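This report concerns only the one structure given below.
Worth saying up front: this structure is predicted, and the values here are computed from it rather than measured. In listed order, ligands and their atoms are each counted from 1.
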Amino acid sequence: MKKPKLVVANWKMHLTIHQASVLVNRLSKTVNPHRGVEVVLAPNYLCLQPLSNEIDRRQFRLAAQDGYFIDEGSFTGAVSFAQLRELVQYSIIGHSERRRYFDESLETVRDKVAAAVRNNIIPILCVGETKEERAQRETKQILHDQIVTALSNLTSEDVSNIVLAYEPIWAIGGSEPAKPDIIEKAVSWIRYQVRELYGKEVEDSVRVLYGGSDEPEFVADIMSIKGIDGLLVGHASLNYEQFADIIMGVHLATLNDSDQADKG
Ligand code: 13P
């Protein structure tokens, strides 16, 4: 069975508990649940508990933005996936901001992915290249290394459940996403890596998202790219009207998909 499309709101280090609650309240009144679209909210750790009591799970699910790779112990300041599992279904892992500002290595990301899976949390593994790496034509190598290392401690069954997000670092936080042909090439390469390592069935089962300046006006174009199953939205997810428009755009894209399938 085809998995639903996925729209993930990465709120990053924005919003207090009160502000997050106000935003969820507005979203819950604006966003209609659609059968083919799963909407996931990723607030900061502090907001997870209160939001888990406020949301209707038919409408929204929760994700962490990170987690520690050891389940329990003397690690002051850390929050483990074993602790998060009561609250979240998903976790963003290996976001470029974590790799860059918190020095997360390929191996740390690998261990976090394994820890999430061990705790029944679906990883949303972020991969992507910098502007310089693209200019040096290193994009394929970078994506290869990020994917192969991150998945190396998983079984094919584990991998078939994960979500990959292509986030070119140079397209994050701007006003325009990467051009569709660039996204298509990268996504096809990402899928090829999964197919080479785990086979076609696993590739077909994995969902691949695009993230980087996703705004409502670009949703139709991005969702029509082959191999794309949804969006990882940053700043536009902090505005309830824009985020609701993005969800609606993804919903409309699923309707187009099923029209095509009916005709095919
Ligand atoms: P923006 O949508 O703000 O570019 O952020 C993208 C992102 O980093 C989502 O994880």
Side-chain angles (χ1 to χ4, degrees), residues 5-15 19-20 23 27 37-45 47-48 60-67 84 88-102 104 109 112-113 116 121-131 133-134 139 142-143 146-147 150 162-180 182-183 186-187 190 207-223 225 228-250 253:
K5 303 289 183 209
L6 201 53
V7 188
V8 184
N10 179 6
W11 290 348
K12 306 191 178 184
M13 202 179 69
H14 296 289
L15 308 179
Q19 289 166 335
L23 180 54
L27 281 172
V37 186
E38 199 176 339
V39 181
V40 177
L41 307 176
N44 65 59
Y45 287 137
C47 298
L48 286 170
F60 304 118
R61 305 217 161 165
L62 291 177
Q65 296 176 12
D66 184 37
L84 288 164
V88 303
Q89 288 77 34
Y90 291 89
S91 180
I92 297 171
I93 297 179
H95 192 281
S96 55
E97 288 152 14
R98 301 249 12 129
R99 294 183 196 255
R100 180 170 167 203
Y101 302 124
F102 300 90
E104 285 194 7
V109 173
K112 290 187 172 189
V113 168
I121 293 172
I122 301 173
I124 302 169
L125 171 66
C126 300
V127 295
E129 79 288 2
T130 62
K131 196 169 149 202
E133 288 160 348
R134 170 157 289 274
T139 302
I142 295 291
L143 295 176
Q146 291 174 340
I147 294 166
I162 75 157
V163 177
L164 285 150
Y166 174 54
E167 294 212 322
I169 296 165
W170 47 271
I172 293 177
S175 55
E176 231 186 277
K179 297 278 181 254
I182 288 185
I183 302 176
V187 166
I190 288 168
R207 282 179 291 180
V208 181
L209 314 181
Y210 168 77
S213 305
D214 286 323
E215 300 205 8
E217 61 195 288
F218 303 109
V219 171
D221 281 351
I222 299 173
M223 290 306 296
I225 294 170
I228 283 282
D229 301 298
L231 304 171
L232 177 51
V233 187
H235 63 268
S237 69
L238 294 166
N239 175 311
Y240 78 97
E241 285 172 322
Q242 282 199 18
F243 192 55
D245 283 351
I246 288 174
I247 295 164
M248 179 53 82
V250 173

Can you list every pair where an N/O of ligand 1 is under 3.5 Å from an N/O on the protein?
| unit_1 | atom_1 | unit_2 | atom_2 | d |
| --- | --- | --- | --- | --- |
| ligand 1 | 2 (O) | S213 | N | 3.4 |
| ligand 1 | 2 (O) | G234 | N | 2.9 |
| ligand 1 | 3 (O) | H235 | N | 2.9 |
| ligand 1 | 3 (O) | H235 | ND1 | 2.5 |
| ligand 1 | 4 (O) | G173 | N | 2.6 |
| ligand 1 | 4 (O) | S213 | N | 2.7 |
| ligand 1 | 5 (O) | K12 | NZ | 3.3 |
| ligand 1 | 8 (O) | K12 | NZ | 2.8 |
| ligand 1 | 8 (O) | H95 | NE2 | 2.8 |
| ligand 1 | 8 (O) | E167 | OE1 | 3.3 |
| ligand 1 | 10 (O) | N10 | ND2 | 3.0 |
| ligand 1 | 10 (O) | H95 | NE2 | 2.9 |
| ligand 1 | 10 (O) | E167 | OE1 | 3.3 |
| ligand 1 | 10 (O) | E167 | OE2 | 2.8 |

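- The list of salt bridge (Lys or Arg N to Asp or Glu O under 4.0 Å) pairs with a residue in residues 165-180, not counting sequence neighbours, reads E176-K179.
- In this structure, L6 and D229 have side chains that are not in contact, with every pair of non-hydrogen atoms separated by 4.5 Å or more.
- Looking at heavy atoms from C-beta onward, P43 lies out of side-chain contact with L15 at the 4.5 angstrom threshold.
- For residues 233-242, there are no salt bridge (Lys or Arg N to Asp or Glu O under 4.0 Å) pairs, not counting sequence neighbours.
- Identified under the side chain to side chain donor-acceptor pair (under 3.5 Å) test for residues 214-223, with sequence neighbours left out: E215-H235.
- Between the side chain of Q146 and the main chain of G128, a donor-acceptor pair closer than 3.5 Å is present.
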